[in-house]
Amino acid sequence: MSISRRVFVKSGGLALFSLGLDPLFLARAAFGSYRPLPSSTALYRPVLVCLFQRGAVDGLNMVVPHGESLYYRERPRIAVPASDVVDLDGHFGLHPQLAALKPLWDNKSLGVIHAVGSPDSTRSHFDAQDYMESGTPGVKSTADGWLNRYCRHDREHDDTPFRAVAFGPQLPRILAGSAPSLAIDDLQAFGLRAPEGAARDRLTRAFEQLYAGSATGLLSSSSQEAFEAVQLLRQANPAQYRPANDAEYPRGRLGRSLQQIAQLIKGNLGLQVAFADVTGWDTHVNQGGSEGQLAARLAELGQGLAAFARDLGDRLRDVVVLTMSEFGRTIRENGNIGTDHGHATAMLVMGGPVNGGRVLGRWPGLDPASRFEGRDLAVTTDFRDLFGEILARHLGATDLSAVFPGFTPDPTRFPGVMRD
Amino acid sequence: MQNHVLARLLMLAAAVASLGARHAAPRQSPPRQLPALTPHDSALHALDRLAYGPRPGEVDAVAAGGVMNWIDGQLSPDQLDDRLVAERATAFRILRYDPRDLARLYAAARNERREGRQGGKDEEMGRRLAGEVEQLAVVRAALSRRQLYEVMVDFWANHFNVFFGKGADRVLAPSYIEETLRPRAFGKFADLLIATARSPAMLFYLDNWESVAPGSAPPAVTRPRLGARPWFGRGRYVPGFSREPAQADSQRQRVLERMPKGINENYARELLELHTLGVDGGYTQQDVIEVARIFTGWSIKRPQQGGGFEFHDWAHDDGEKTVLGVRFPAGHGTDEGVRLLKLLASLPATMHHVSRKLCQRLVNDDPPDGCVDDAVAAWKHSSGDMREVVRAIVHGPDFWAPQNIRAKVKTPLEFVVSAVRAVGGDPDTTPRLAQVVARLGQPLYRHVAPDGYPEREEAWVNSGALLDRMNVAVALAAGRLPGVTVALEAVAPATADAEQLIAAVNDGVLGGAMSDNTRRVIRDELAAAPDPVAARALAVGLTLGGPEFQRQ
């Protein structure tokens, strides 16, 4: 693993290093896989931002089928009243706390895909998240994640230390694998800390040599990615960042992650795939309707996405943001004024290249006869068709069957989220 | 197959014979042809895996006394004098609060905040106590002589994970650790399973306390006895009905509306998937539903006030249930759940699932089949005595096999605690050291999902996390990590002699595992650090943050 991973890691940052003189170069040369990266390739590449709503978002209250009376009958205490919904097309509407996204819908850079999900029937968070991240529903043994496999197979785009970044303390399953990827908790604190610059450089170099010479396995490849990233980021100087266009990110982890993703995009550091978690969707109890628990989470999501779009400004033309969640929730509210684990859910797609202003995917309806296992919203779009379309038509992936093994991608099944 | 068994027996014999223990009693006459660990290396390995790493001088001490003796001692923690930790624990006030006290305190703190009295004494105390639970775990891991016991407590806290940040679990969780898990960490698995199932912390975390048979309602609500204390819904106590009949009716209506109305499958599913059988353990969605029916009525007396377990007869589904083909006749109330838990604890899938996780923790991220087999055999033999299961793993050949030595990367908790131990560190009672563990990605008791923190290196090794570890290492060695005092003089003398310093650090911090490259890099760095005290801190910092120390 370590060696093959090293082969993919290029010394993008190294050429720019002030480390200079470098006995280190000899150690690195031993691996024989370095070539400098032309910095221009990092510019203006298409970017995909994935937000994982962990815990299974209630798609029916996020994008409300307010045109269906069954929706109101099944959810007497938690339905969003039609009068509160931000209507989209007369049948569906956004939860009122997502109102900040309506302008993006109106200018066609926000789309919704409904009744999307996994062909696997599991209602276990862990299994379903695992499948959505590995990209192989029903197969637990897949070692890597589909975003990582995409990075490995798409050699059109060069690796940079920031090609694939997850915001959080741990690298998520979706980015696990042999292509280099980075987990960043806080962009500004990224790197070694020392009282002054010279000491920091010295310490950085010492640790780099320690790991270059003695680390094995994952420790080796990960440390190498770390030191490359440190150097690149130093030049981008994230401490100076101010969001553009008076964009105001919501407080909290999501807002911070989105702002840092915007920083990387605008810093032209070669970001192509970004990932962040958004937690708090497992609303078994007291979910609320127009207000309450779920509403608060949606407010943060809506404000975060709206601020991100505003901050990016023109750069949104290169960017697609995709929300995903492991499954949806029961159509009928449960005994605790909440919802239990269900099947299909809704996903949001935002960005310049998006075929927005419409709700895509075949809507199966809430009628008991068309439900999955008689109780849950049926899946009419396999998530791999949605993810595959974005990879192929936005990032330019050519080999989808390598990204989703065991799945035969078929462009005629693409839901049509990307503009022609 | 036979060859495989024979080879393992030979390896076992060789490994045991080589441990330099006085009572290591080899099971076979020792064949000499297999390479084996030196007493020093086996002591280091045992301290890395069955403890949170060695403190200065500990490797030599364990090697001299015989590593198997040390392990035997660790398997009987009650026999080990642990006065230091007992004394230190008295400074943790959280241990003097029961859930009710905590609930009162947190309520008072909330009132202070609501009334705009920021920084009042109740709020201050509430904040302090919240951090104490995590810090106590770190302090025990760092200082306790009952190291293997602390490792097991941590294992169970993850296996039976409860997210302490969820509502009432803030007040219920400390007793979960102290009263539910700790007394049973080396006990029978079935006892642990039953204790967690009955614990208010777990009942609240996985929502079982609100799981009721459809159509059931508490007598206080259905019986119009005015002035009676009704069953409260949603965790809020409703202080008695009004004596005005009309008002009482509408209040009763509201209480009814807020009441749980059906079964909640959450605990049932995780019980099967995570606590016992494992995800491939052969159960169906219908089994999950039947298990949930069995646990209807297992509830909590006023969770927000720190109440204990309470079985609500009225909420229990009194029909017949069938789980995994086993019939549970109607009408046995809480006994049905206990019977089910005992059944689950005795099933091969459970033995295999839990044994595998133990082998993953103690031996290798990809546990060898032989290790799991040994553990399962001991489980059967001892009727699920966890002390015997661990003993079998540690006495088995896989634990000592060369490919499993230094094969695991430390989790953030293991890294921080082993680093503190390596430098003779002494953490104080403030939550600051626990906050370091949290910053590295492992906030204790705050893993939201019920699967607990992962054991595999992929979850912990990434570029950002490694840089964080390096920063922690440098700060700790320099005495700049808040909340912990270090004793570098116990590791190495402050000397201008770089070779002497490096040799001492290699021996003291890495147990002699320093690579030539690391030696060379540190030597180069020392050349630019003339002050002996600063040089020592630098050498220790680079070593703790370097690649060798990330492994165990």
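Naming: A, B, ... by sequence-line order, numbering from 1 per chain. What you see is a predicted model; the values in this text were computed from it and never measured.
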Counting heavy-atom pairs under 4.5 Å with chain A, the top scorer among B/Pro454, B/Pro412, B/Gly546 is B/Gly546
Which heavy atom of A/Ser223 sits nearest a heavy atom of B/Leu466, and at what distance?
-> N-CD1, 3.6 Å
Note: B/Val461 and A/Ser222 closest approach over all heavy atoms is CG1-OG, 3.5 Å
Checking heavy atoms, do the side chain of B/Asn266, its backbone, both or neither come under 4.5 Å from chain A?
-> side chain
Bottom line for B/Glu548: the part with an atom under 4.5 Å from chain A's heavy atoms is side chain
Any chance you could measure A/Phe207, atom CZ, to B/Leu467, atom CG, to the nearest 0.5 Å?
-> 9.5 Å
May I ask you to name which of A/Ala166, A/Gly191, A/Ala194 has the most heavy-atom pairs under 4.5 Å with chain B?
-> A/Gly191
Sort B/Thr518 into side chain, backbone, both or neither according to what part of it lies under 4.5 angstrom from a heavy atom of chain A.
-> both
Contacting region of B/Gln442 [heavy-atom separation from chain A under 4.5 Å] = neither
Shortest non-hydrogen pair, A/Arg193 vs B/Asn471, comes out as N-OD1, 2.7 Å
Pick from A/Asp185, A/Asp340, A/Leu203, A/Thr279 with the largest number of heavy-atom pairs that fall under 4.5 Å of chain B = A/Leu203
dist B/Asp524:CG -> A/Gln209:CD (nearest 0.5 Å) comes out at 7.0 Å
Given the options B/Met470, B/Arg269, B/Arg439, which has more heavy-atom pairs under 4.5 Å with chain A than any of the others?
-> B/Met470
Mind listing the closest non-hydrogen atom pair of A/Leu218 and B/Glu458 along with its distance?
-> CD2-CA, 3.7 Å
Does any non-hydrogen side-chain atom of A/Leu219 lie less than 4.5 Å from one of B/Arg551?
-> yes
Flag the pair B/Glu265 and A/Arg123 as a salt bridge only when some basic side-chain nitrogen lies within less than 4.0 angstrom of an acidic carboxylate oxygen.
-> no
Under 4.5 Å from any heavy atom of chain A - which part of B/Glu273 | side chain
Against chain B, label A/Ile184 side chain, backbone, both or neither, depending on which of its atoms sit under 4.5 Å from a heavy atom there.
-> neither
Gap between atom CD of B/Gln285 and atom CD of A/Glu373 - 0.5 Å precision | 7.0 Å
Any donor-acceptor N or O pair under 3.5 Å, side chains B/Asn264, A/Asn336 | yes
Report yes if some heavy atom in the side chain of B/Pro547 is under 4.5 Å from a heavy atom in the side chain of A/Leu210; otherwise report no.
-> yes
CD/B/Glu210 to CG/A/Asn334 distance, rounded to the nearest 0.5 angstrom?
-> 9.0 Å
In terms of heavy-atom proximity below 4.5 Å to chain A, should B/Val212 be classed as side chain, backbone, both, or neither?
-> neither
Tell me, out of A/Ser121, A/Ala183, A/Gly338, A/Gly55, who's got the most heavy-atom pairs with chain B below 4.5 Å.
-> A/Ala183
Side chain from CB out, backbone as N, CA, C, O: work out which of these in A/Arg202 comes under 4.5 Å of a heavy atom of chain B, or both, or neither.
-> both
Note: A/Ser214 and B/Asn517 closest approach over all heavy atoms is OG-ND2, 2.9 Å
So which heavy atom on B/Asp207 is nearest to which on A/Val285, and how close?
-> OD1-CG2, 4.2 Å
